[in-house]
A.B. asks: 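Structure in structure tokens, see below.
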There are 2 protein chains.
Amino acid sequence: MNPYNAPLAEMRFLLEKVFDAPKTWSEMPAMAETVDMDTAAAILDEADKISRELIHPINRSGDEQGVRHEADKVITPDGYKAVYDQYAEGGWVGLCGDPEFGGMGMPKMLGVLVDEMAYSACNAFTLYGSLTAGAALAIHAHGSEEIKEQYLPMMYSGEWAGAMDMTEPQAGSDLRNIRTKAVPNEDGSYKITGSKIFITGGDHDLTENVIHLVLAKLPNTNGISLFLVPKIKVNADNSLGDANGVTVGSIEHKMGLKGSATCVMNFDDAEGYLIGKPNRGLVCMFTMMNYERLAIGIQGLGTSQAAYQMAADYAKERVQGVAAGGSPTGANCDPILVHGDVRRMLLTIRTLTEAGRALSVYTGQQLDLAKYSEDPDVKAKASRFMGLLTPVSKAFLSDRGLDAAIMAQQVFGGHGYIRETGIEQLVRDTRIAQIYEGTNGIQAIDFLGRKVTGDNVTALSEFITEQVANINGYQHVSDADKTRILGLLEQLLVVAKQVNENKLSHPALINACAVDYLDAFGYSLYGCFWLAMVNAANDHDDDNFKQQKSHLNRFYFDKLIAKADFHLSQVSMGDASIMQMDAELF
Amino acid sequence: MNPYNAPLAEMRFLLEKVFDAPKTWSEMPAMAETVDMDTAAAILDEADKISRELIHPINRSGDEQGVRHEADKVITPDGYKAVYDQYAEGGWVGLCGDPEFGGMGMPKMLGVLVDEMAYSACNAFTLYGSLTAGAALAIHAHGSEEIKEQYLPMMYSGEWAGAMDMTEPQAGSDLRNIRTKAVPNEDGSYKITGSKIFITGGDHDLTENVIHLVLAKLPNTNGISLFLVPKIKVNADNSLGDANGVTVGSIEHKMGLKGSATCVMNFDDAEGYLIGKPNRGLVCMFTMMNYERLAIGIQGLGTSQAAYQMAADYAKERVQGVAAGGSPTGANCDPILVHGDVRRMLLTIRTLTEAGRALSVYTGQQLDLAKYSEDPDVKAKASRFMGLLTPVSKAFLSDRGLDAAIMAQQVFGGHGYIRETGIEQLVRDTRIAQIYEGTNGIQAIDFLGRKVTGDNVTALSEFITEQVANINGYQHVSDADKTRILGLLEQLLVVAKQVNENKLSHPALINACAVDYLDAFGYSLYGCFWLAMVNAANDHDDDNFKQQKSHLNRFYFDKLIAKADFHLSQVSMGDASIMQMDAELF
């Protein structure tokens, strides 16, 4: 398996040239003190180094060995613990955490790039830190001061890990029916009892404690509340106390992500502390969920990038067949990169990955603006855009992640099916990203049903208006490309308004057409980002960089953007042919 | 995992009503004596029974246990040997084999349906018999009478297995560079020496002998010849003699198909016998390859059908959420089949699977006509259509097989990622079908480069003319659907002629656009088959059956056929944006 190298020039380009991070940061006091492009570039360099030298080497071996569950202990693969210790010591778990509680206070715009590198290096390992950061975010947003002071420093430092405990056997996408109970104790704490399944990082040997955020129901309510439940009780001085009635029932045997512990967790009168208000647990959990959704999109993005590197390297090395029209070097066999079909696959992966990275950085920027901006209008608008883009980032990035891994595997031919080459692991590892943290169908329904039509297309209109203004302002892109993308943006609005008008008379319309609408939006948005990148690359120092962008943009507009038309046409055909067939005829 | 049930009504409908197998058979003397609809229906019933009761039960356990390589022996998973014995005793390996040598002489139109069931029940197990039947076909077509008499009865009876030995580490898609040598002995046999990789069923414990068909080079030539090399030498009386210098170097550890032995085979002065003429080995091997290519398409089809059944059953049982617009039963939770997005996925799988089965039966019919018809015009035309459709069947059916498995896995949500439910195994098992027996990129290049433009679009024009005539003759389909599909067929011809005109001035054009052209053709052809099915279902006894076809056709034309437009648009954009970027910029 090839060593991983982060696309650092690309990352700096997005931050500095495409999305003008220095300006964003300088305009927000909390960021202005914390970060500038030099700091950001240094952090990216360091993240590249640890991803390549520390994390990537345990990727394959962790897949082969897997997590074990022995004598009530969950044991991660060899090397995970040592790597996690170094990762935590480097402060990476708390990279974007609040400095008041020991975090590094870095912007999410930068954090998404660091996450991408770690996911490229190893999907399974990276989840442990990602879940911890997400749990810390929810605690930070909704926990009491006392809870925050006690738990956040230990989580940002990586000494304690976090987990999100929502799913039960009968309650997956539909959480209303959870059965886990929370009974109040006299001291203000609660006794939590119930079983949770599919708990990523539910238990493991990387940290001495695991802090669970558990959804449960208070007595005599149907509302859902959120509780912090440590695996081991924590004393006032942060030393560890007694076991807390939190045990692992079993670990799941999965298609991939074999280094990530997916646990059945049993809570038996475990002591827990309410986070946020009673019966408002889903709102609190969604702070974590939205964070994780973006992170899971980035899992797909990291996979795409790793897949591209592996396949491009292989296509340059593997010789087989002669170029159509004759070998450029007169050889008997050319590298398979000469073949149009191999190039088609690589260009597809690459154009989607680069636009995907732009989506990831842009969404991170909206998160930062929503969190740190002192201008209430900027803050509110960023919050609306973030709401719009979170389901898109989760679903579209993870869907394209699987596409990329499968296509890269195809470039390897027969060797791609053999475990040794490592590319098949990417397919298995990234497949889950389309499912967990809300399936991509659920994301699409959130997008079309709540974010797009829930406010009568207001936020989408605002977002598209901004994109249109951006595109009209680009000096260095072709008129034909501008016309093409502006036409699509207009169509997206027209179709969204149609759906909005018809949704009451056709109650199944949104559920039936959501995935196609999200895909149409995604392919169009990537077109916007391609133009943004081409425009920004015009005065790039490196002529190769500029040429690459120009070639890749051409490919995207020639070959891929028409997918947006296809998906829009599907939405326009409505829900009749989906809903009419009786259930018994399936 | 749900028990497998073959779609028998569907299969009989295709044979009898859509493709009029009784007429085809009655017009060919060799078939008229062998098979009628009653016989065919009885064989389908029996194949369903063994697929469900015999083969399917070893599917999951075989995946868990895998093949082992111990002390120079390759050991298949528990149960494989006992099931194989019963399968062979039933005559299934020789189902379509020549009765002169002990085969059952059944038509391929029927054989493809039996193969589909077996692949639905277990991808890995079914390969052993499929490879044997394919090797027997090549021996039948190109072997001497002596060879045929000695080997075919033992292969049709399943007592000996077959394997196809082509790939070497340096020679995969490009076989010119194989290094395996064949040196003539004085008795007319040859000494074969070399190493082959990725040999499916290269060795195993299911049969006492394995008959290898090996590509090798004669001294002082660059031509490639085909040799029959038994693992154990065979005496004149068919008893087994000495070992033959054929050993297993290792077995591959793969993403899936873990019950199928994929071997590195070493030949060390092994005794072999020339099949066909010297230096004409590729032609002989392609008799087997073309057979295997259709079989591998059917692997994808069988996977699609299994995936549909599992996902549809799950969607009817799993309750989660309430139907948009309110539960039809007033329940707190409905089966997820009420949700539009779940229906969309199931309908996508099902419409592609049913049209795929039509493609498989139609291609089988062409094989039968090409082989058994006594009318030279019919025979020659069928041979042209078979050439056209073989790469399409292999690539389009296997691509849709992966799509189906992934979509079905998505219906299962988180449970789909867990090994226990079995759906993830389908994804892993079927992934290889897009790669082996010539990658789907190679299939597409064969299709567009040789079959479509190689004869200046003659065979394609003839095929499309016949489809147009069929469609114009349908009494029970809508004019709108007719117009839609006729437009697509016309466009397919227009674009094929454009490619044909430009292929010399743009030597990379075919390689760069082949996959998209094949996909455009596939989605259009499925539209033709949908209309054929709807038309034929009009007077079906079972009103539910008729309704299903009507609903499914509506879904296909509303939602999926536009993929043909998308892929045609990609072809029309040519190869410039694929070929222009310099290799070092990748």
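Chain letters run A, B, ... following the sequence lines, proteins first, then strands; residues in each count from 1. None of the values given here were measured: they were computed from a predicted structure.
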A.B. asks: Do you know which two heavy atoms are closest between Ala324(B) and Pro507(A), and how far apart they sit?
C.D. replies: CB-O, 3.0 Å

A.B. asks: Under 4.5 Å heavy-atom distance to chain A, tell me which part of His415(B) shows up: side chain, backbone, both or neither.
C.D. replies: both

A.B. asks: Heavy-atom distance under 4.5 Å to chain B: side chain of Asn332(A), backbone, both or neither?
C.D. replies: both

A.B. asks: Using heavy-atom distances under 4.5 Å, tell me whether Tyr308(A) contacts chain B through its side chain, its backbone, both, or neither.
C.D. replies: side chain

A.B. asks: Given that the side chain runs from C-beta out, which part of Asn177(B) has a heavy atom under 4.5 Å from chain A: side chain, backbone, both or neither?
C.D. replies: side chain

A.B. asks: Please classify the contact between Tyr436(A) and chain B as side chain, backbone, both or neither, with a heavy-atom cut-off of under 4.5 Å.
C.D. replies: neither

A.B. asks: Looking only at heavy atoms, what is the nearest atom pair of Gly574(B) and Lys559(A), with distance?
C.D. replies: O-NZ, 2.7 Å

A.B. asks: Provide the closest heavy-atom pair for Ala562(A) versus Ser569(B) in the form atom of the first, atom of the second, distance.
C.D. replies: CB-OG, 4.0 Å

A.B. asks: State, with a plain yes or no, whether a side-chain heavy atom of Met345(A) is found less than 4.5 Å away from one of Val515(B).
C.D. replies: no

A.B. asks: Give, as side chain, backbone, both or neither, the part of Val427(A) having an atom under 4.5 angstrom from any heavy atom of chain B.
C.D. replies: side chain

A.B. asks: Does any backbone or side-chain atom of Leu257(B) lie under 4.5 Å from a heavy atom of chain A? Answer side chain, backbone, both or neither.
C.D. replies: both

A.B. asks: Heavy-atom distance under 4.5 Å between the side chains of Ile418(A) and Phe198(B), does that happen here?
C.D. replies: yes

A.B. asks: Can you confirm whether Ser577(A) sits close enough to His551(B) that some side-chain heavy atom of one is under 4.5 Å from a side-chain heavy atom of the other?
C.D. replies: no

A.B. asks: Using heavy-atom distances under 4.5 Å, tell me whether Lys316(B) contacts chain A through its side chain, its backbone, both, or neither.
C.D. replies: side chain

A.B. asks: When only pairs under 4.5 Å are counted, which of Gly413(A), Ala576(A), Ala312(A) shares the most heavy-atom pairs with chain B?
C.D. replies: Gly413(A)

A.B. asks: Can you tell which of Gly416(A), Ala171(A), Ala444(A) has the highest number of heavy-atom pairs within less than 4.5 Å of chain B?
C.D. replies: Ala171(A)

A.B. asks: Taking it one step at a time, do Gln410(A) and Arg431(B) satisfy side-chain hydrogen bond (donor to acceptor under 3.5 Å, both in side chains)?
C.D. replies: CA-CA 9 Å; Gln410(A) 195 72 13; Arg431(B) 177 66 184 90; 3.0 Å; yes

A.B. asks: So do Glu252(B) and Arg419(A) actually touch side chain to side chain, heavy atoms under 4.5 Å?
C.D. replies: no

A.B. asks: Between Leu504(B) and chain A, which part of the residue has a heavy atom less than 4.5 Å away: side chain, backbone, both or neither?
C.D. replies: neither

A.B. asks: Chain B heavy atoms under 4.5 Å from Arg350(A): which part of the residue, side chain, backbone, both or neither?
C.D. replies: side chain

A.B. asks: What side-chain donor-acceptor pairs closer than 3.5 Å can you find for residues 578-586 of chain A, not counting sequence neighbours?
C.D. replies:
none

A.B. asks: Quick one: of His253(B), Arg343(B), His339(B), who has the most non-hydrogen atom pairs under 4.5 Å with chain A?
C.D. replies: Arg343(B)

A.B. asks: Looking only at heavy atoms and a cut-off of under 4.5 Å, which of Gly325(B), Gly321(B), Ala508(B) has the most pairs with chain A?
C.D. replies: Gly321(B)

A.B. asks: Picking from Gln409(A), His506(A), Lys563(A), which has the most non-hydrogen pairs under 4.5 angstrom with chain B?
C.D. replies: Gln409(A)

A.B. asks: Under 4.5 Å heavy-atom distance to chain A, tell me which part of Gln170(B) shows up: side chain, backbone, both or neither.
C.D. replies: backbone

A.B. asks: Hey, are the side chains of Gln570(A) and Leu560(B) touching, using non-hydrogen atoms and a 4.5 Å cut-off?
C.D. replies: yes

A.B. asks: Select, from Cys513(B), Gly256(B), Pro328(B), Ser550(B), the one with the greatest count of heavy-atom pairs under 4.5 Å involving chain A.
C.D. replies: Gly256(B)

A.B. asks: Please answer whether the main-chain N or O of Ala512(A) pairs with a side-chain N or O of Asp341(B) as donor and acceptor at a distance below 3.5 Å.
C.D. replies: no

A.B. asks: Is any side-chain heavy atom of Glu424(B) less than 4.5 Å from a side-chain heavy atom of Ile432(A)?
C.D. replies: no

A.B. asks: Let me confirm one number: the CG-CD distance from Leu175(B) to Gln320(A), rounded to the nearest 0.5 Å.
C.D. replies: 8.0 Å

A.B. asks: Can you say whether Ala514(A) sits under 4.5 Å from chain B via the side chain, the backbone, both, or neither, judging by heavy atoms?
C.D. replies: neither

A.B. asks: By a 4.5 Å heavy-atom criterion (distance strictly below it), what part of Phe555(A) contacts chain B: side chain, backbone, both, or neither?
C.D. replies: both

A.B. asks: Only pairs of heavy atoms separated by less than 4.5 Å count here; which of Gly441(A), Gly414(A), Pro335(A) has the most with chain B?
C.D. replies: Gly414(A)

A.B. asks: Considering only heavy atoms, which portion of Ile406(A) lies under 4.5 Å from any heavy atom of chain B: side chain, backbone, both, or neither?
C.D. replies: both

A.B. asks: Looking at every heavy atom in both Arg176(A) and Cys333(B), which two are closest together, and how far apart are they?
C.D. replies: NH2-SG, 3.6 Å

A.B. asks: Specify which of Thr439(B), Leu337(B), Thr167(B), Val319(B) makes the most heavy-atom pairs with chain A at under 4.5 Å.
C.D. replies: Leu337(B)

A.B. asks: Please name the pair of heavy atoms, one in Met573(B) and one in Asp558(A), separated by the smallest distance, quoted to 0.1 Å.
C.D. replies: CG-O, 3.0 Å

